[in-house]
Amino acid sequence: MVSTSPPLAEALAAGPVVLDGGLSNQLEAAGHDLSDALWSARLLAEEPEAVVRAHLAYYEAGAQVAITSSYQATFEGFARRGIGAEQAATLLGRSVELAREAAGRAAAGGVAGPLYVAASAGPYGAMLADGSEYRGRYGLSVAELERFHRPRLEVLAAARPDVLALETVPDTDEARALLRAVRGLGVPAYLSYSIAGERTRAGQPLEEAFALAADVDEVIAVGVNCCAPDDADRAVRLAARVTGKPVVVYPNSGESWDAEARAWCGSPAFGTDRVAGWAADGARLIGGCCRVGPDVIAELAAGLGG
């Protein structure tokens, strides 16, 4: 099913649009073990219906955009599990199809549209599954990173999502590579950094990082995700000022990920009282990332009048 909704860029121009929350925590809440290196991407082959149900829960909660389960889905990662390139491409395309299926079920169940699909492309470090996605600086050149990302982005674009989600980007080298890799694909993209304070995870100033996308026509929104809510507050204002584009923001719950223990620690600090402030500062694509579930998205959507 191909989307017949107005382009997402038009929706962002009209006002805030609600993103979903963390797909992995929704799948885990339903009893699925995601300790595998492929994370939620494993379910694309083994339990696709579980992915549809997780997306559907967010649409029913008020999300207007579902982010696909392809964050950790790469040709290299699948190859390590004995999955060849042809099947890997099929699974990448399936991630978009499953989100579309959920959107169709939501609409049939009375959820008002338009409903969109964002095809997730996580950073190189996500494929490594060793926590390096929160550090960046992989020792690869921009050209090498572009060669890694382009084939996956081509497959995702061919599945016709509404937008490519270049998300959880830890450093400017990878951002440069991704911005090169989306050229000519015919699908718009948003660029979202993972940050610590007012810098990327790799330590570059956010002003420099956001500026890379300011003049890239394919990019319809710039911002941050998978970060602390407090850091998101400052980043939204900066992204709007530096780029002049709509801002995307979807922080974590406020808990932190311990990569060695592979567990979350701390207490939630995500409050929907922040949402109005983000919107006032230029955020137009607003949701939650890790540990933010449908209940919080429902409150967020209500707060935005969605």
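The first residue in the sequence is number 1, and the count goes up from there.
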For Asp215, look at atom CG and say whether over 12 heavy atoms of other residues, nucleotides or ligands are found less than 6.0 Å away.
no

Is it true that the side chains of [X] and [Y] contain a donor and an acceptor less than 3.5 Å apart?
{"X": "Gln64", "Y": "Tyr59", "result": "no"}
{"X": "Arg201", "Y": "Ser194", "result": "yes"}
{"X": "Glu167", "Y": "Ser120", "result": "yes"}
{"X": "Asn225", "Y": "Thr168", "result": "yes"}

Main-chain N/O of [Y] paired with [X] side-chain donor or acceptor, under 3.5 Å:
{"X": "Tyr138", "Y": "Gly125", "answer": "yes"}
{"X": "Thr90", "Y": "Glu86", "answer": "yes"}
{"X": "Ser132", "Y": "Arg135", "answer": "no"}
{"X": "Asp281", "Y": "Arg237", "answer": "no"}
{"X": "Lys245", "Y": "Ala240", "answer": "no"}
{"X": "Tyr58", "Y": "Gly22", "answer": "yes"}

Ser69 and Leu43: CA distance, side-chain angles, deciding distance, side chain to side chain contact (heavy atoms under 4.5 Å, CB included) verdict
CA-CA 8 Å; Ser69 55; Leu43 300 182; over 6 Å; no

Do you know which of Asp173, Asp171, Thr172 makes side-chain hydrogen bond (donor to acceptor under 3.5 Å, both in side chains) with Gln204?
Thr172

Member of Glu154, Glu144, Glu174 meeting the side-chain hydrogen bond (donor to acceptor under 3.5 Å, both in side chains) criterion with His149
Glu174

Any idea which heavy atoms bring [X] and [Y] closest together, and the distance?
{"X": "Leu115", "Y": "Ala106", "result": "CD1-CB, 3.9 Å"}
{"X": "Cys290", "Y": "Cys226", "result": "SG-SG, 4.0 Å"}
{"X": "Val248", "Y": "Ser192", "result": "CG1-CB, 4.3 Å"}
{"X": "Leu27", "Y": "Ala50", "result": "CD2-O, 3.5 Å"}
{"X": "Phe148", "Y": "Pro151", "result": "O-CD, 3.6 Å"}
{"X": "Cys289", "Y": "Asn252", "result": "CB-OD1, 3.2 Å"}

When you compare the side chain of [Y] with that of [X], does any pair of heavy atoms fall below 4.5 Å?
{"X": "Arg53", "Y": "Glu49", "value": "yes"}
{"X": "Val18", "Y": "Leu304", "value": "yes"}
{"X": "Leu145", "Y": "Val142", "value": "no"}
{"X": "Leu8", "Y": "Tyr190", "value": "no"}
{"X": "Arg274", "Y": "Asp233", "value": "yes"}
{"X": "Val247", "Y": "Leu285", "value": "no"}
{"X": "Arg199", "Y": "Leu206", "value": "no"}
{"X": "Pro294", "Y": "Gln26", "value": "yes"}

Are Leu238 and Phe210 close enough, and set up right, to give a side chain to side chain contact (heavy atoms under 4.5 Å, CB included), and what steps lead you there?
CA-CA 8 Å; Leu238 185 61; Phe210 291 143; 4.0 Å; yes

If you round to the nearest 0.5 Å, how far is [atom2] of [Y] from [atom1] of [X]?
{"X": "Leu300", "Y": "Asp295", "atom1": "CG", "atom2": "CG", "result": "11.5 Å"}
{"X": "Ser70", "Y": "Leu92", "atom1": "OG", "atom2": "CG", "result": "6.5 Å"}
{"X": "Glu198", "Y": "Glu207", "atom1": "CD", "atom2": "CD", "result": "10.0 Å"}
{"X": "Arg152", "Y": "Phe78", "atom1": "CZ", "atom2": "CZ", "result": "10.0 Å"}
{"X": "Gln72", "Y": "Leu44", "atom1": "CD", "atom2": "CG", "result": "11.5 Å"}
{"X": "Thr68", "Y": "Glu97", "atom1": "OG1", "atom2": "CD", "result": "11.5 Å"}

Are any of the side-chain nitrogens in Arg80 or Glu76 under 4.0 Å away from the carboxylate oxygens of its partner?
no

Are the charged groups of Glu46 and Arg94 less than 4.0 angstrom apart, N to O?
no

Mind checking whether Val182 and Val169 sit in one hydrophobic cluster, side chains of I, L, V, M, F, W, Y counted as touching below 4.5 Å?
yes

Spell out, yes or no, whether Ile297 and Leu56 are grouped together once hydrophobic residues are joined by side-chain heavy atoms under 4.5 Å, including indirect joins.
no

Apply side chain to side chain contact (heavy atoms under 4.5 Å, CB included) to the pair Tyr193 and Leu212, showing each step before the final yes or no.
CA-CA 12 Å; Tyr193 290 95; Leu212 294 176; 3.8 Å; yes

For Glu218 and Leu185, what are the C-alpha separation, side-chain angles and deciding distance, and is it a side chain to side chain contact (heavy atoms under 4.5 Å, CB included)?
CA-CA 9 Å; Glu218 288 86 353; Leu185 293 180; over 6 Å; no

